S.K.: 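Could you have a look at this structure, given as structure tokens, before my questions?
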Amino acid sequence: KYPLAMVNRLMDVHGPNIACGYDIGCTFSKTLSTSLLGSRADELSFRLVVGSFHGHGHNRACQLDWHPHYVTGMGQADFEGCERIFVSSNALAPGMRHVSTFHRHQAIEQHFAFWDEDKYTALSRYLSNHYREALKIVKDYPAQLKKVQ
């Protein structure tokens, strides 16, 4: 129910020709196609993929159809942005076993406040690196880019 609501919202906001990474995108695609949203997703060319990290846990046939590395038009996206955030919070777990609910919430809040600050600080470097990378791709692969346009 909630993933269908998410897909509906994505299609409302972003329109046609978008992709969404979901750990079980391969299985969920069947649910989507048989739901009331199925025909709309087809009309808008909505595409599900399995994130790169989770894709390696799927069999080879599934990977060829659903892993973003093998799906045309996915570029270099890995569809695992949330995983990076959650992995960073794993270090909190050992220290949380014996603390009160208040202190647990406080530690989680502090962790993500610092995480936000660190990411914001690194944002200009991130944008600069990706801009240079995009310029290199435009320079090195003009024929492939024409096909995508």
Side-chain angles (χ1 to χ4, degrees), residues 1-96 106-149:
K1 170 170 140 174
Y2 293 110
L4 289 172
M6 175 193 69
V7 167
N8 189 45
R9 181 71 174 150
L10 284 171
M11 291 189 298
D12 285 347
V13 172
H14 297 287
N17 301 316
I18 61 169
C20 176
Y22 188 25
D23 300 353
I24 55 168
C26 49
T27 304
F28 178 66
S29 68
K30 295 170 192 150
T31 303
L32 178 60
S33 65
T34 58
S35 75
L36 295 174
L37 296 174
S39 59
R40 182 168 176 236
D42 286 341
E43 290 168 13
L44 293 174
S45 299
F46 182 83
R47 177 69 158 104
L48 283 160
V49 295
V50 175
S52 295
F53 174 76
H54 289 88
H56 294 292
H58 294 238
N59 66 43
R60 183 70 177 151
C62 178
Q63 289 179 15
L64 292 174
D65 289 337
W66 300 98
H67 194 285
H69 180 76
Y70 302 113
V71 176
T72 303
M74 294 299 110
Q76 296 180 344
D78 66 4
F79 295 88
E80 294 291 1
C82 292
E83 288 299 320
R84 286 196 248 338
I85 295 169
F86 296 134
V87 164
S88 75
S89 68
N90 285 346
L92 291 173
M96 297 291 109
Q106 186 179 42
I108 292 169
E109 176 65 32
Q110 272 188 321
H111 169 79
F112 285 108
F114 287 130
W115 188 89
D116 285 346
E117 199 172 299
D118 289 345
K119 292 300 171 191
Y120 186 74
T121 302
L123 184 60
S124 60
R125 186 174 348 111
Y126 173 85
L127 292 173
S128 176
N129 289 344
H130 281 77
Y131 179 70
R132 283 191 202 114
E133 187 177 313
L135 289 176
K136 184 174 179 350
I137 290 169
V138 168
K139 179 182 168 210
D140 294 348
Y141 302 101
Q144 290 86 341
L145 288 172
K146 277 197 185 261
K147 289 180 188 177
V148 175
Q149 295 173 344

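These numbers were taken from a predicted model, which means no experiment stands behind them.
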S.K.: Checking Lys136 against Glu133 for the side chain to side chain contact (heavy atoms under 4.5 Å, CB included) test, could you report, in this order, the C-alpha distance in whole Å, the side-chain angles of both residues, the deciding distance, and whether it holds?
M.R.: CA-CA 5 Å; Lys136 184 174 179 350; Glu133 187 177 313; 5.7 Å; no

S.K.: What heavy-atom pair brings Val71 and Asp65 nearest, and what distance separates the two atoms?
M.R.: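 Taking every non-hydrogen atom into account, CG2-O, 3.6 Å.
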
S.K.: Under 3.5 Å, which donor-acceptor pairs link side chains of residues 11-18 to any protein atom two or more places apart or in another chain?
M.R.:
residue, atom, partner, partner atom, Å
Asp12, OD1, Arg40, NH1, 3.2
Asp12, OD1, Arg40, NH2, 2.6

S.K.: Assign the ring pair His130 / Tyr126 to parallel, tilted or perpendicular, where the plane angle (0 to 90°) is split at 30° and 60°.
M.R.: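 His130 and Tyr126: tilted rings.
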
S.K.: Got a sec: does the CD of Gln144 have more than 12 other heavy atoms crowding it under 6.0 Å?
M.R.: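 Atom CD in Gln144 is crowded, with more than 12 foreign heavy atoms closer than 6.0 Å.
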
S.K.: Counting only heavy atoms not in Leu123 (residues, nucleotides, ligands), do more than 12 fall under 6.0 Å from its CG?
M.R.: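 Yes - once you tally the heavy atoms of other residues, nucleotides and ligands closer than 6.0 Å, there are more than 12.
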
S.K.: Taking all atoms of both residues into account, what is the closest heavy-atom pair of Gly51 and Pro68, and its distance?
M.R.: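 In terms of heavy atoms, the two residues are closest at C-CD, 4.3 Å.
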
S.K.: Roughly how far, to the nearest 0.5 Å, is CG of Leu10 from CG of Leu37?
M.R.: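 Rounded to the nearest 0.5 Å, the CG-CG separation comes out at 11.0 Å.
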
S.K.: Do Met6 and Tyr2 have side chains that get closer than 4.5 Å, going by heavy atoms?
M.R.: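 No; the side chains remain at least 4.5 Å from each other.
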
S.K.: Among Thr34, Leu48, Ile24, find the residue that satisfies the side-chain contact (heavy atoms from CB on, under 4.5 Å) test when tested with Ser29.
M.R.: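 So, applying the side-chain contact (heavy atoms from CB on, under 4.5 Å) to Ser29 and each of Thr34, Leu48, Ile24, only Leu48 qualifies.
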
S.K.: Under the ring pair (Phe, Tyr, Trp, His ring centres under 6.0 Å) test, which residues partner Phe112, sequence neighbours left out?
M.R.: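 Phe112 satisfies ring pair (Phe, Tyr, Trp, His ring centres under 6.0 Å) with no residue once adjacent residues are dropped.
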
S.K.: Would you sort out whether His67 and Phe79 count as a side chain to side chain contact (heavy atoms under 4.5 Å, CB included), showing the intermediate values?
M.R.: CA-CA 10 Å; His67 194 285; Phe79 295 88; over 6 Å; no

S.K.: Using the rule given for side chain to side chain contact (heavy atoms under 4.5 Å, CB included), can you reason through Lys147 versus Thr72, listing the C-alpha separation, both sets of side-chain angles and the distance that settles it, and then say yes or no?
M.R.: CA-CA 11 Å; Lys147 289 180 188 177; Thr72 303; over 6 Å; no

S.K.: Would you call Phe28 and Thr31 a side-chain contact if the rule is heavy atoms closer than 4.5 Å?
M.R.: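 Sidechains of Thr31 and Phe28: in contact.
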
S.K.: Return the CD to CD distance between Gln106 and Glu109, rounded to the nearest 0.5 Å.
M.R.: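 That separation rounds to 9.5 Å.
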
S.K.: Looking just at side-chain N and O atoms, do Arg132 and Ser128 make a donor-acceptor pair shorter than 3.5 Å?
M.R.: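 The criterion, which ignores hydrogens and geometry beyond distance, is satisfied for Ser128 and Arg132.
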
S.K.: Quick one: OG on Ser35 to NZ on Lys30, what's the gap to the nearest 0.5 Å?
M.R.: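 If I round to the nearest 0.5 Å, the distance is 14.5 Å.
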
S.K.: Which heavy atom of Pro94 sits nearest a heavy atom of Ala91, and at what distance?
M.R.: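 Closest heavy-atom pair between Pro94 and Ala91: CD-O, 3.4 Å.
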
S.K.: On a heavy-atom basis, which atom in Val50 and which in Asp23 lie closest, and how many Å separate them?
M.R.: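 Where Val50 meets Asp23 most closely, the heavy atoms are CG1-O, 3.5 Å.
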
S.K.: Using 0.5 Å steps for rounding, measure from the CG atom of Leu4 to the CG atom of Leu36.
M.R.: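 Output value for this atom pair is 9.0 Å.
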
S.K.: Nearest 0.5 Å, please: how far is CZ in Arg60 from OH in Tyr70?
M.R.: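 The OH atom of Tyr70 sits 4.0 Å away from the CZ atom of Arg60.
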
S.K.: Look up atom SG in Cys82 and atom CD in Glu80, then write down how far apart they are to the nearest 0.5 Å.
M.R.: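 Spacing of SG (Cys82) from CD (Glu80) equals 9.0 Å.
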
